[in-house]
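Reminder, nothing fancy here: chain letters follow the sequence lines and each chain counts from 1.
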2 protein chains.
Amino acid sequence: MASKITQPAVRPKDDITNRLIGAFNRLISQGVLRPGTKLPPEREMAPRFGVSRSSLRHALKALENMGILYQRVGDGTYLRESSEGILSRPLELLILLDGISASELLETRLIVEPELAARAAERATSPDLDSLNRTIREMHKERDQQKLTELDIAFHQGIFVASGNRLSQRIFPIIQRAMLKSIAITSTLVDADHTLSFHKPIYDAIYKRRPAEARQKMIDHLEDARGLLAKAGERAQPTSLLDSFQSIG
Amino acid sequence: MASKITQPAVRPKDDITNRLIGAFNRLISQGVLRPGTKLPPEREMAPRFGVSRSSLRHALKALENMGILYQRVGDGTYLRESSEGILSRPLELLILLDGISASELLETRLIVEPELAARAAERATSPDLDSLNRTIREMHKERDQQKLTELDIAFHQGIFVASGNRLSQRIFPIIQRAMLKSIAITSTLVDADHTLSFHKPIYDAIYKRRPAEARQKMIDHLEDARGLLAKAGERAQPTSLLDSFQSIG
DNA sequence: TCGTAACATTGGGATGACCAATTTTGGGAA
DNA sequence: TTCCCAAAATTGGTCATCCCAATGTTACGA
């Protein structure tokens, strides 16, 4: 009886696996290992680190799962090109485990995106504006439902980028992706013109460098989306990578 | 030559490890495995899943590293009590790898926290208010520098909770933690009264249910912090769990 | 009753063998 | 010479075993 009341300890253990993971992280962050690098074969690396192949593999598996690198049988181990994606698995998992609903996700966007739109109005570069404008123009002539959804998402991503806040560029696209299914469903309730009638004023405000206006127009847009979501009856569950896993259980 | 132009594929591979990870995630999200559960010994689980112990260990290692569970030698494997913490490692890693500075972290807070304060003013429950109030009262009589920093952080966490947005409660405390070192440094530039002179108006606005005021007071607070950070000369680097790792490299 | 030593259990790590996917090599045909 | 394809080498994926060290349990003795 009397199991540990001690909390699990958030800090990583000091076992070989974690030390290897730390070693890789340091090597990468120090620039010793550049993104895209092909690492030596496991059978070579293991002795070089002074560990067994299995221990090394534990670490590599964890790193692969974190999105730091990927392995291909018969080929080798490669560092991923960007740190983008490191967050997606854990964040989607968190959303899944906590059972966070689409409306909660939308609320989070409502907290963040208006302010990001305002920042975008202050800082957007020419390429940023071009990119935003392009999604709008393409949306005009696009008919395919799925591509329209992609363009919708691209517009918002464009604002994340234009806001100039790198952390936001990493975090919030994932939240948006997580409600992909919801976006798809709600967008069947309206046509592209409806979406455009919200995107355009946002773009205009950003283009004209009017932060307050951009903020408000984004609020209008997301509040409208909230209405649509309610109408859709929350049928949609959060999308997750995890759905794709097989049996075994 | 001619290596794959194909992008690394964001989706997980279909190897045993990943299937096991998926299986666990599903079992947990479906409630079959409850948080805190003690799992069977590896030597039992492996045959039950129809895999070898080493493969199972790969998956468990990855899951442990993700913060889903933890293992103790001689004891066993336990699911973590909450999904809290799943994000911390990857998010900190992202900050480290992208070299995101303290001022960028602060800017992210500036994007988010004012709005969260406003929501808190709309929704804070009595316990929420009590909790916020307590951090203020304790800050009054606390002298220890480190504990003051903790109380500072606790106040902001309290607002995250009071905002009622669960996803924010998960994400933003980590960002705050990531700039722990910076907070500690800037707080040596001022005394507790200085911090309190900002916290109190925020609390009052929340208590009096004045969202707009809460939003503005939070902006004032963080803008002041930005000034302090600039004065501190950005000496501080982001804090990271990763710092603690040993050599091996 | 309490402490402690012996024992059992459990995760940590190493090794070696074999499989399967992929790339590389080299020879043969056009 | 150029191109195609089969054989060989390379590489990650998986498994089976062995031993160690940390922890928990049990039972004995003061």
A:Lys147/A:Glu150 ion pair, N-O < 4.0 Å: no

Ring geometry between A:Phe172 and B:Phe172 (parallel below 30°, tilted from 30 to 60°, perpendicular above 60°): tilted

Under-4.0 Å salt bridge between B:Arg177 and B:Glu92: no

Electrostatic pair B:Arg134:B:Glu138 at N-O distance under 4.0 angstrom: no

Qualifying residue for side chain to side chain donor-acceptor pair (under 3.5 Å) with A:Asn65, from B:Thr17, B:Asn18, B:Asn65: B:Asn18

Polar atoms only, N or O, under 3.5 Å: list the protein pairs with nucleotides 10-16 of chain D and their distances.
from   : atom 1 : to      : atom 2 : distance (Å)
D:dT11 : O2     : A:Gly74 : N      : 3.2
D:dG12 : OP1    : A:Thr77 : OG1    : 3.2
D:dG12 : OP2    : A:Glu42 : N      : 2.9
D:dG12 : N7     : A:Arg43 : NH1    : 2.8
D:dG12 : O6     : A:Arg43 : NH2    : 2.9
D:dG13 : OP1    : B:Lys13 : NZ     : 2.5
D:dG13 : OP2    : A:Arg57 : NH1    : 2.7
D:dG13 : OP2    : A:Arg57 : NH2    : 3.4
D:dG13 : OP2    : A:Gln71 : OE1    : 3.1
D:dG13 : N7     : A:Arg53 : NH2    : 2.9
D:dG13 : O6     : A:Arg53 : NH1    : 3.3
D:dT14 : OP1    : B:Ile16 : N      : 2.7
D:dC15 : OP2    : B:Ser52 : N      : 3.1
D:dC15 : OP2    : B:Ser52 : OG     : 3.1
D:dC15 : OP2    : B:Ser55 : OG     : 2.6

Counterpart residues, ring-ring contact (aromatic ring centres under 6.0 Å, His included), relative to A:Phe160 (two or more places apart): none

Atom of B:Ile153, atom of B:Ile183 and distance for their closest heavy-atom approach: CG1-CD1, 4.1 Å

Nearest-angstrom distance from the residue atom CD1 of A:Ile21 to P of C:dG12: 12 Å

Qualifying residue, where the test is side chain to side chain donor-acceptor pair (under 3.5 Å) with B:Asp98 and the options are A:Arg166, A:Gln169, A:Arg170: A:Arg170

Terminal helix-axis angle for the helix from C:dT1-D:dA30 to C:dA30-D:dT1, with five pairs defining each axis and rounding to 10 degrees: 10°

